[in-house]
Protein chains: 2
Amino acid sequence: MPQKEKHQAKKSRANMSIGTLAKTAGAKVQTIRYYEEIGIMPRPDRTHSNRRTYTQEAVKRLRFIRHARELGFSIPAIRAMIELQSLSGGPCARVDEIAGQQLDVVRAKITRLKALENELTRMLNCCDGSDIATCRVIEVLSDHSLCESEHGSPENINMVSEKTLFPRN
Amino acid sequence: MPQKEKHQAKKSRANMSIGTLAKTAGAKVQTIRYYEEIGIMPRPDRTHSNRRTYTQEAVKRLRFIRHARELGFSIPAIRAMIELQSLSGGPCARVDEIAGQQLDVVRAKITRLKALENELTRMLNCCDGSDIATCRVIEVLSDHSLCESEHGSPENINMVSEKTLFPRN
DNA sequence: TCTACAATGTACAGCGACTGTAGAAGCAAG
DNA sequence: CTTGCTTCTACAGTCGCTGTACATTGTAGA
Ligand SMILES: [Zn+2]
Ligand SMILES: [Zn+2]
Ligand SMILES: [Zn+2]
Ligand SMILES: [Zn+2]
């Protein structure tokens, strides 16, 4: 057993180390430091030996960030939502708008990926598996006009980014 | 009108410049140079003033790469398929296997994105749009236990990469 | 108390697949 | 000759982390 567990168990309601925060909220230690660096996690207090100490607030914040990331939100989108939360009070229309944009992004990705699935399935079904010189997979990959659909360019469907959140002013 | 067009029209069956190749095959000039650098486009001949000159072979090769990229294949996967083509002759089983792996990747992405779509739709439907303090979107983003599904971590579903193509030997 | 090892600190490089930039040089047309 | 386009090389930046190197600190067992 890691020593840390015993150590932290004793003072479970006191401030926690970065490692404990990492385990509690489901992130890597480096990721937490990275979030601090880019300013979406607040800079925590330090011990006399310069180590970060976190409160329950930090756990909540980090859980929010991680879960939003798991749901595909970009860092700028998350940053915007955090700022909206911190100016507490007022309607949530803007938050819902950001989530709605994220939903649009997800749906666009699904549409594209279904087109890819279709093309890949088709080319694999049409290949008789004999020779490379006549392989249908190679043929289709060499010539988009053999495709059924306009499947678009690679990963042009991006996340809700800075640009979509804050259009060119 | 760009001068290039007139210029190139005169000698359309001769070697072409990198800009003409870019337009013909649908890529950016820098991308072509990048492909050369990483070794999936062969190094072309140069003019006396050090400019790249391309043949129809290069057009074919670049079209293959771009179309495979549009269908989501990774560079290592494309590199492998190019090598399989160049050792011409033999069955296409390996090519089809790579395409099959790509299909698996695409299907896994679709599955995950559908889960995300579901969660996003649910949280947006449940929000009454009144106040940030009670916003359902914020609530769900703060607490994964309010989700219906295990929607997984961000972008853990990767492309067919070096590792999947050449598992640890 | 000594020793080992775990955890933390900073700083920086790397991933994938490009894209954009800087600065120099060439090339053709008006 | 000047203007404007293209090309050349080299390198930095994108995104969201992840991994590494090396130094320091904290803790537990002997
Ligand atoms: Zn085949
Ligand atoms: Zn196609
Ligand atoms: Zn709301
Ligand atoms: Zn969830």
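The structure displayed is predicted, hence computed values, not measured ones. Chain letters run A, B, ... following the sequence lines, proteins first and then strands; every chain starts at 1.
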Handout entry: Rounded distance in Å - CD1 (Ile75(A)) to P (dT18(D))
Key = 11 Å
Practice task
Could you state whether Leu62(A) and Ile38(A) fall into the same hydrophobic cluster, counting links through intermediate Ile, Leu, Val, Met, Phe, Trp or Tyr residues with side-chain heavy atoms under 4.5 angstrom apart?
Solution key: yes
Practice task
Take the protein atom CD of Glu36(A) and the nucleotide atom P of dT8(C), then report the distance between them rounded to whole Å.
Solution key: 14 Å
Practice task
Indicate whether OP1 or OP2 belonging to dT8(C) is found under 4.0 Å from a side-chain N or O atom of Ser49(A).
Solution key: no
Practice task
Report yes if at least one side-chain N or O of His48(A) is closer than 4.0 Å to OP1 or OP2 of dG26(D); otherwise report no.
Solution key: yes
Exercise for the section: Ignoring backbone atoms, establish whether Arg33(B) has a side-chain N or O less than 4.0 Å from OP1 or OP2 of dA17(C). Expected result: no
Handout entry: More than 12 heavy atoms of other groups within 6.0 Å of Arg46(A) CZ
Key = yes
Handout entry: Asp143(B) side chain near Arg63(A) side chain, heavy-atom distance below 4.5 Å
Key = no
Exercise for the section: Give a yes/no answer on whether the side chain of Ser74(B) brings an N or O atom under 4.0 Å of OP1 or OP2 in dG16(C). Expected result: no
Completion exercise
DNA chain D nearest-nucleotide lookup for Gln30(A) and Tyr34(A): closer to the 5′ end is Tyr34(A)
Fill in the blank from the handout: Comparing nearest nucleotides in DNA chain C, the 5'-proximal residue of the pair Glu37(A), Asn50(A) is Asn50(A)
Exercise for the section: Using only side-chain N and O atoms of Tyr35(B), determine if any of them is under 4.0 Å from OP1 or OP2 of dC18(C). Expected result: yes
Handout entry: Phosphate OP1/OP2 of dA17(C): any Lys28(B) side-chain N/O under 4.0 Å
Key = no
Exercise for the section: Check whether any side-chain nitrogen or oxygen of Thr31(A) sits under 4.0 Å from OP1 or OP2 of dG16(D), and answer yes or no. Expected result: no
Handout entry: Residue-phosphate contact under 4.0 Å: Arg69(B) side-chain N/O, dC18(C) OP1/OP2
Key = yes
Completion exercise
Judged by nearest nucleotide, the residue sitting upstream toward the 5' end of DNA chain D, Ile65(A) or Arg51(A), is Ile65(A)
Practice task
Please check the phosphate of dT8(C) (OP1 and OP2 only) for any side-chain N or O of Arg52(A) closer than 4.0 Å.
Solution key: no
